[in-house]
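Written out below as structure tokens is the structure these notes cover.
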Amino acid sequence: MKSMIRTLAFGTVSAALLAACSTSPDTEESADWLNDARLGEKVDRICFTGSIDNFRAATRETVIVEKGVNDEYLLEMMGKCSDLDRAQSLSLDTFGGSSCLTKGDSIFAYDSVFGPDRTDMPAMRCPIRGIYEWNEDALEDEGDEAEDS
């Protein structure tokens with residue numbers, strides 16, 4: 001079966017947005033995301049992968065992808081993915097060309113905003129171990145609760 005690969009490239013965005021997407025390194029330890037207030041429920045899949053239009057906060061083990069306007073997910077990789085923490089674009093590789101991203105599917109990380117080119121070394125396949133809902137506003141909510149106490 002052929003797999004579908006979709007590249008999330010940001011060639012048309014402004015330089016300022018590019019700088020913001022350039023995966024500023026998290027200063028947290030590698031497994032601290034497990035205790036993060038923004039981490040939601042584990043989900044089986046992200047469907048309509050064509051709606052995934054951005055990513056950020058990539059480390060060697062995780063990346064947050066944005067789907068549409070309000071949905072964010074943290075993808076946990078199987079082991080460390082050496083190219084992910086400095087990625088400028090990603091490709092999604094779903095099993096059988098499915099429109100849903102699931103555990104066991106993969107992402108490829110590229111140093112170029114435009115994805116792979118003929119001079120690049122082949123990108124490392126980064127298999128997905130888990131998918132979690134991500135709520136960026138949960139930190140604000142947690143801070144508001146602490147002030148009310």
Side-chain angles (χ1 to χ4, degrees), residues 1-10 13 17-116 121-149:
M1 290 187 183
K2 282 192 158 188
S3 61
M4 179 187 82
I5 297 180
R6 179 176 183 273
T7 301
L8 299 175
F10 305 101
V13 295
L17 184 56
L18 252 179
C21 292
S22 67
T23 65
S24 57
D26 276 355
T27 56
E28 300 172 349
E29 292 296 317
S30 62
D32 282 350
W33 63 270
L34 289 169
N35 299 316
D36 196 304
R38 298 169 289 184
L39 186 66
E41 297 292 317
K42 192 170 190 174
V43 296
D44 292 335
R45 66 191 75 237
I46 304 171
C47 285
F48 306 108
T49 55
S51 299
I52 296 175
D53 57 5
N54 203 355
F55 70 98
R56 61 185 168 78
T59 68
R60 292 178 71 183
E61 298 173 340
T62 62
V63 63
I64 298 169
V65 295
E66 298 175 15
K67 178 184 170 227
V69 178
N70 296 320
D71 296 326
E72 296 180 329
Y73 299 90
L74 181 134
L75 304 180
E76 175 191 14
M77 302 300 112
M78 291 183 191
K80 297 194 186 305
C81 183
S82 62
D83 298 337
L84 189 57
D85 59 345
R86 60 185 180 276
Q88 296 292 317
S89 62
L90 299 178
S91 290
L92 307 175
D93 186 9
T94 59
F95 182 73
S98 168
S99 68
C100 295
L101 190 65
T102 61
K103 177 181 174 181
D105 288 340
S106 299
I107 63 174
F108 294 90
Y110 302 100
D111 289 341
S112 169
V113 178
F114 305 105
M121 294 291 292
M124 175 187 277
R125 176 181 292 275
C126 302
I128 297 171
R129 173 180 288 161
I131 303 171
Y132 300 85
E133 292 176 345
W134 188 259
N135 180 0
E136 193 62 34
D137 296 331
L139 274 183
E140 282 182 22
D141 296 342
E142 189 176 80
D144 291 343
E145 289 175 11
E147 288 176 11
D148 291 342
S149 298

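Residue numbers run from 1 in the order of the sequence given.
- Minimum heavy-atom separation, Ala58 to Leu84: CB-O, 3.3 Å.
- Sorted by first and then second residue, the pairs that involve residues 63-115 and meet disulfide (SG to SG under 2.5 Å), not counting sequence neighbours, are Cys47-Cys100, Cys81-Cys126.
- Rounded to the nearest 0.5 Å, atoms CD (Glu41) and CD (Glu133) are 6.5 Å apart.
- Taking 4.5 Å as the limit, some side-chain heavy atom of Ser82 sits within range of a side-chain heavy atom of Arg60.
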Query raised in the report: For Ile52 and Leu92, what are the C-alpha separation, side-chain angles and deciding distance, and is it a side chain to side chain contact (heavy atoms under 4.5 Å, CB included)?
Result: CA-CA 10 Å; Ile52 296 175; Leu92 307 175; 3.9 Å; yes
Report task. Check the pair Leu90, Tyr110 against side chain to side chain contact (heavy atoms under 4.5 Å, CB included), reporting the backbone distance first and the verdict last. Result -> CA-CA 6 Å; Leu90 299 178; Tyr110 302 100; over 6 Å; no
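- Judged by distance alone, with hydrogens and angles left aside, the side-chain atoms of Asp105 form a donor-acceptor pair with the main-chain N or O of Phe95 at under 3.5 Å.
- To the nearest 0.5 Å, atoms OG1 (Thr59) and CH2 (Trp33) are separated by 9.0 Å.
- Applying the ring-ring contact (aromatic ring centres under 6.0 Å, His included) test to Tyr73 and every residue at least two apart in sequence or in another chain returns nothing.
- Contact record, Lys42 with Gly130: CE-CA, 4.1 Å, taken as the closest heavy-atom pair.
- Arg125 and Ser106 are linked by a side-chain donor-acceptor pair at a separation below 3.5 angstrom, with hydrogens and angles left out of the test.
- Between Ser112 and Ser89, the shortest heavy-atom contact is O-OG, 2.7 Å.
- Annotation: the span from Asn135 atom CG to Leu39 atom CG amounts to 10.5 Å, rounded to 0.5 Å.
- Heavy atoms only, all atoms of each residue included: Ala109 and Ala123 are closest at O-CB, 3.5 Å.
- Taking every heavy atom of both residues into account, Thr49 and Ser98 meet most closely at OG1-O, 4.5 Å.
- Using a cutoff of 4.0 Å between basic side-chain nitrogens and carboxylate oxygens, Asp44 and Lys103 are not scored as salt-bridged.
- For Asp53 and Lys67, the salt-bridge test fails: no basic side-chain N is under 4.0 Å from an acidic carboxylate O.
- For Glu136, the side-chain contact (heavy atoms from CB on, under 4.5 Å) criterion is met by Arg38, Arg56, Glu72, Trp134, not counting sequence neighbours.
- Within the 3.5 Å criterion, the main-chain N or O of Gly68 finds no donor-acceptor partner in the side chain of Asp71.
- Using a 4.5 Å cut-off on side-chain heavy atoms (C-beta onward), Ile128 and Glu76 make no contact.
- Looking at heavy atoms from C-beta onward, Ile131 lies in side-chain contact with Ile46 at the 4.5 angstrom threshold.
- Between the CZ atom in Arg86 and the CG atom in Asp111 there is a gap of 5.5 Å [rounded to 0.5 Å].
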